[in-house]
2 protein chains.
Amino acid sequence: MTIGDAAKASGVNAKLIRYYESIGLIPAAGRTAAGYRVYSSSEVNVLRFVKRARTLGFSIERIQILVGLWQDRSRSSAEVKRVALDHVAELEAKIAELRAMSDTLTHLAHACHGDERPDCPILRDLEEGGGNCCHEPPP
Amino acid sequence: MTIGDAAKASGVNAKLIRYYESIGLIPAAGRTAAGYRVYSSSEVNVLRFVKRARTLGFSIERIQILVGLWQDRSRSSAEVKRVALDHVAELEAKIAELRAMSDTLTHLAHACHGDERPDCPILRDLEEGGGNCCHEPPP
DNA sequence: CCTTGACCTTCCAGTCATTGGAAGCCTTAT
DNA sequence: ATAAGGCTTCCAATGACTGGAAGGTCAAGG
């Protein structure tokens, strides 16, 4: 199997496979006499594992850990679970951050007429730093 | 006002102010005889605007548009609203993506015993590509 | 007057996970 | 023989910063 075949079989771009090899995420593939990389089905399985993990948003660093655990017969499921839950915590933090942004902007956009006039609460918020909301009376 | 003062006043790092200038997000500041950048309060206002917009997750590209609209007296609020809603749409798309990841992983982690044994549904999912979920019977 | 320390300047490099391109070699088919 | 397509390496770019090195400038204190 050449790198192109492995790419098709795993769903990971050939370019990306080389990159993963270069950063040490996957071990260096074998080579033909001409220098072409050669892949076995077990190496394709690793690539598929990596791809699925990326799809779930794991960082390369954590995927390295997961691959290590995957190939370690004496692993404990607790280790795997901890890595996964650490990632979930990061995802939730990011979601909360984006949620706050979206809610604020949605609120502002709702208050904006969206017509041909220049007056706009969105710009007013950006101008004032969002410190004083239009709905809260001054103390 | 030197760049350090402007940084304190705006909340934007001096290094970042230079970066914003280098990419053309803000116009080049005036200079003293010695070459130090000089800022007026109106320039600090622009920096604050940019900072607030970044806090809301706007890209530099969109902030450029927003600053332009902000300083355009003949703008229509509709234009501003469209930029904001485009961004909200992107935020929501990203949130949905992260939500899906988090939910999948939370589900898998829940199914994982998290003890000293090696058996782990999380690794099984990564291995199999998440294609066949444990709870769905085969057709 | 000189030094110290805090500022300012520019430029270069690295982050993260890719993606793109250029230049050149190898294999297969016509 | 040649053309197409795949493979190789290396370099550069993405977005939005952040860090550091090397050197110039300014105000205060000895």
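Lettering follows sequence order; numbering is per chain, from 1.
Counting only residues at least two apart or on different chains, the ring-ring contact (aromatic ring centres under 6.0 Å, His included) pairs with a member in residues 68-87 of chain B are B/Phe49-B/Trp70, B/Phe58-B/His87. Counting only residues at least two apart or in different chains, ring-ring contact (aromatic ring centres under 6.0 Å, His included) contacts with residues 108-130 of chain B are absent. Applying the salt bridge (charged side-chain N to carboxylate O under 4.0 Å, His left out) test to residues at least two apart or on different chains, the pairs with a partner in residues 92-105 of chain A are A/Glu92-B/Arg99, A/Lys94-A/Glu97, A/Arg99-A/Asp103, A/Arg99-B/Glu92. Applying the salt bridge (charged side-chain N to carboxylate O under 4.0 Å, His left out) test to residues at least two apart or on different chains, the pairs with a partner in residues 60-86 of chain B are B/Arg62-B/Glu90.
Of the residues in residues 55-71 of chain B, none lies under 4.0 Å from DNA chain C by heavy-atom distance. Using a 4.0 Å cut-off on heavy atoms, none of the residues of residues 37-51 of chain B approach DNA chain D. Remark: B/Arg18 in residues 16-30 of chain B come within less than 4.0 Å of DNA chain C through at least one heavy atom.
Contact check, A/Thr2 against D/dG6: no side-chain N or O comes under 4.0 Å of OP1 or OP2. Residue A/Arg31 has no polar side-chain atom (N or O) positioned under 4.0 Å from OP1 or OP2 of C/dC26.
Both A/Ile65 and B/Leu108 are members of a single hydrophobic cluster when ILVMFWY side chains are connected at heavy-atom separations under 4.5 Å. Residues A/Val67 and A/Ile60 share a single hydrophobic cluster, defined by chaining ILVMFWY side chains whose heavy atoms lie under 4.5 Å apart.
Summarising the geometry, atom CG belonging to B/Leu47 is positioned 11.5 Å from atom OG belonging to B/Ser41; distances are rounded to the nearest 0.5 Å. The CG atom of A/Leu126 sits 8.5 Å away from the CD1 atom of B/Ile63 when rounded to the nearest 0.5 Å. The distance from the CG atom of B/Leu91 to the OG1 atom of A/Thr106 is 8.0 Å, given to the nearest 0.5 Å.
In this view, B/Arg54 satisfies the salt bridge (charged side-chain N to carboxylate O under 4.0 Å, His left out) rule with no residue, not counting sequence neighbours. B/Ser77 pairs by the side-chain hydrogen bond (donor to acceptor under 3.5 Å, both in side chains) definition with A/Asp115, not counting sequence neighbours.
Within the 3.5 Å criterion, the main-chain N or O of A/Thr2 finds a donor-acceptor partner in the side chain of A/Asp5. A donor-acceptor contact shorter than 3.5 Å links the side chain of A/Ser10 to the backbone of A/Ala6.
Summary for the helix from C/dC1-D/dG30 to C/dT30-D/dA1: the axes at its two ends, each from 5 pairs, differ by 40° when rounded to the nearest 10 degrees.
Mapping B/Arg54 and B/Thr32 onto DNA chain D by nearest heavy atom places B/Arg54 at the nucleotide closer to the 5' end. Two residues, B/Ala14 and A/Tyr36, neighbour DNA chain C, and the one matched to the more 5' nucleotide by heavy-atom proximity is B/Ala14.
Judged by distance alone, the side chains of B/Asn45 and B/Ser42 never bring a donor and an acceptor atom under 3.5 Å apart.
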Name the atoms and distances for all side-chain donor-acceptor pairs under 3.5 Å in residues 14-29 of chain B, with sequence neighbours left out.
unit_1, atom_1, unit_2, atom_2, d
B/Glu21, OE1, B/Ala29, N, 3.4
B/Glu21, OE1, B/Arg37, NE, 3.0
B/Ser22, OG, B/Tyr19, O, 2.7

Can you tabulate the close N/O pairs, meaning under 3.5 Å, that link protein atoms to atoms of nucleotides 20-24 of chain C?
unit_1, atom_1, unit_2, atom_2, d
C/dG20, N7, A/Lys15, NZ, 3.4
C/dG21, N7, A/Lys15, NZ, 3.0
C/dG21, O6, A/Lys15, NZ, 2.6

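Comparing D/dA16, D/dT25, D/dC7 against the side chain of A/Ile3 picks out D/dC7 as the nearest.
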